[in-house]
Amino acid sequence: INAEYMGAEARFLYSHNDEFDNAAKVMMQHTVLAWDHEIFKDTLTKVSSLELCYQSIHFYISHAPHVLTDLLATISSRVDHERVVHEVRKVKQLALAKSYLETVQDGNLKAVNEALNELYTEEEDYEALRLSIDQYTIFDQLALAESLKKHELLEFRRIAAMLYKKKKKKKKKKKN
């Protein structure tokens, strides 16, 4: 199939022959002719190569960032959330994945927690940061405290003090 000139037709044939990996590749390689957001999302739920899910994140960041969150919601049950953080960090677009990260934070994964804590700090949203660190405890508390201790906003410095205090209590418990 010459997908260069007949991208939509190639996508259709690959999909109907259950060659979902090829259909996804055609859509990413021939965006103008073959890509459709809804069809692409449906196709990604059927691909056998999970690597295509991660490639699709980069594709969406460069071609359709406004619907990245929708894509991530569709593939969230198939992907490793920490790897998603890594992929989005590589292209310095963490903020685009914020709502996805908030959705998957219930898993209490270090990379997800640290990414959200970083976003809340950048946005100067100390209430969201405080809630995050109270509910989701797996993150480098000392590193976060260090980054907040000289923050211009008092509330962030208070959070840093609280993190140092927690760390000190943990050390005392270990000694006893």
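The first residue of the sequence shown is numbered 1, and numbering continues consecutively from there. Everything numeric here is computed off the predicted structure, so don't read it as measured data.
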Review point. Can you find a pair of side-chain heavy atoms, one from Thr43 and one from Lys46, that are under 4.5 Å apart?
Key: no
Check your understanding: Can a donor-acceptor pair be found between the side chains of Tyr164 and Glu146 at a distance below 3.5 Å?
Key -> yes
Practice item. Check for a donor-acceptor pair, side chain of His63 on one end and backbone N or O of Phe59 on the other, with a separation under 3.5 Å. Key: yes
Point to revise | Shared hydrophobic cluster for Val104 and Val84 (ILVMFWY, side-chain gaps under 4.5 Å) | key: yes
Revision key, fill the gap. Here the pair of heavy atoms bringing Ser76 nearest to Ala73 is OG-O, 3.3 Å
Exercise for review: On the 0 to 90° scale, with breaks at 30° and 60°, tag the Phe12-His16 ring pair as parallel, tilted or perpendicular.
Suggested key: tilted
Revision key, fill the gap. Note: Glu82 and Leu109 closest approach over all heavy atoms is OE2-CB, 3.8 Å
Check your understanding: Are Arg158 and Glu155 close enough for a salt bridge, meaning some N to O gap below 4.0 Å?
Key -> yes
Practice item. Side-chain contact test, heavy atoms from C-beta onward, threshold under 4.5 Å: evaluate it for Glu123 versus Lys98 and give yes or no. Key: yes
Check your understanding: Any side-chain heavy atom of Leu71 within less than 4.5 Å of one from Leu44?
Key -> yes
Check your understanding: Can you tell if the side chain of Leu163 reaches within under 4.5 Å of the side chain of Leu144, non-hydrogen atoms only?
Key -> yes
Review point. Do the rings of Tyr60 and Phe40 sit parallel, tilted or perpendicular, given the 30° and 60° boundaries?
Key: tilted
Practice item. Following the transitive rule for hydrophobic clusters with a side-chain heavy-atom cut-off under 4.5 Å over Ile, Leu, Val, Met, Phe, Trp and Tyr, establish whether Leu153 and Leu119 coincide in one cluster. Key: yes
Point to revise | Working for side chain to side chain contact (heavy atoms under 4.5 Å, CB included), residues Val85 and Glu114 | key: CA-CA 10 Å; Val85 170; Glu114 288 179 348; over 6 Å; no
Exercise for review: Would you mind checking if Arg83 and Glu51 are paired as a salt bridge, meaning a charged N to carboxylate O distance below 4.0 Å?
Suggested key: yes
Practice item. Give the minimum heavy-atom separation between Leu101 and Val112, together with the two atoms involved. Key: O-CG1, 3.7 Å
**Study point:** Heavy-atom closest pair, residues Cys53 and Ile75
**Key:** O-CD1, 3.9 Å
Review point. Is a donor on one side and an acceptor on the other found under 3.5 Å between the side chain of Arg11 and the backbone of Ala23?
Key: no
**Study point:** Nearest non-hydrogen partners of Tyr126 and Ile159, listed with the distance
**Key:** O-CD1, 3.7 Å
Check your understanding: Any chance OH of Tyr54 has more than 12 other-residue heavy atoms, nucleotides or ligands included, within less than 6.0 Å?
Key -> yes
Review point. Asp70: what forms a salt bridge (charged side-chain N to carboxylate O under 4.0 Å, His left out) with it, not counting sequence neighbours?
Key: Lys41
Exercise for review: Dump the intermediate steps for side chain to side chain contact (heavy atoms under 4.5 Å, CB included) on Ile57 and Val79, then the final yes or no.
Suggested key: CA-CA 11 Å; Ile57 294 168; Val79 294; 5.5 Å; no
Review point. Quick one: does Met28's side chain get under 4.5 Å of Leu52's, heavy atoms only?
Key: yes
Practice item. Without swapping roles, check the side chain of Asp21 against the backbone of Ser48 for a donor-acceptor pair under 3.5 Å. Key: yes
Point to revise | Pair Glu118 + Arg89: basic N to acidic O under 4.0 Å | key: yes
Check your understanding: Taking Arg157 for the side chain and Glu152 for the main chain, is one N or O donor matched with an acceptor at less than 3.5 Å?
Key -> yes
Check your understanding: Do Ser147 and Thr121 touch side chain to side chain, with heavy atoms closer than 4.5 Å?
Key -> no
Review point. Mind checking whether Tyr120 and Val88 sit in one hydrophobic cluster, side chains of I, L, V, M, F, W, Y counted as touching below 4.5 Å?
Key: yes
Check your understanding: Can you check whether Asp134 reaches Leu131 side chain to side chain, under 4.5 Å on heavy atoms?
Key -> no
**Study point:** Closest heavy-atom pair and its distance - Asp140, Lys110
**Key:** N-CE, 4.2 Å
Exercise for review: May I ask whether Leu72 and Ile39 are part of the same hydrophobic cluster, defined by side-chain heavy atoms of I, L, V, M, F, W, Y residues being less than 4.5 angstrom apart, directly or through others?
Suggested key: yes
Practice item. Report yes or no: do Trp35 and Tyr14 belong to one cluster of Ile/Leu/Val/Met/Phe/Trp/Tyr joined by side chain heavy-atom distances under 4.5 Å? Key: no
Exercise for review: Could you grab the distance from atom CG of Leu50 to atom CZ of Arg78, nearest 0.5 Å is fine?
Suggested key: 5.0 Å
Review point. Side chain of Ser132, backbone of Ala128: donor and acceptor closer than 3.5 Å?
Key: no
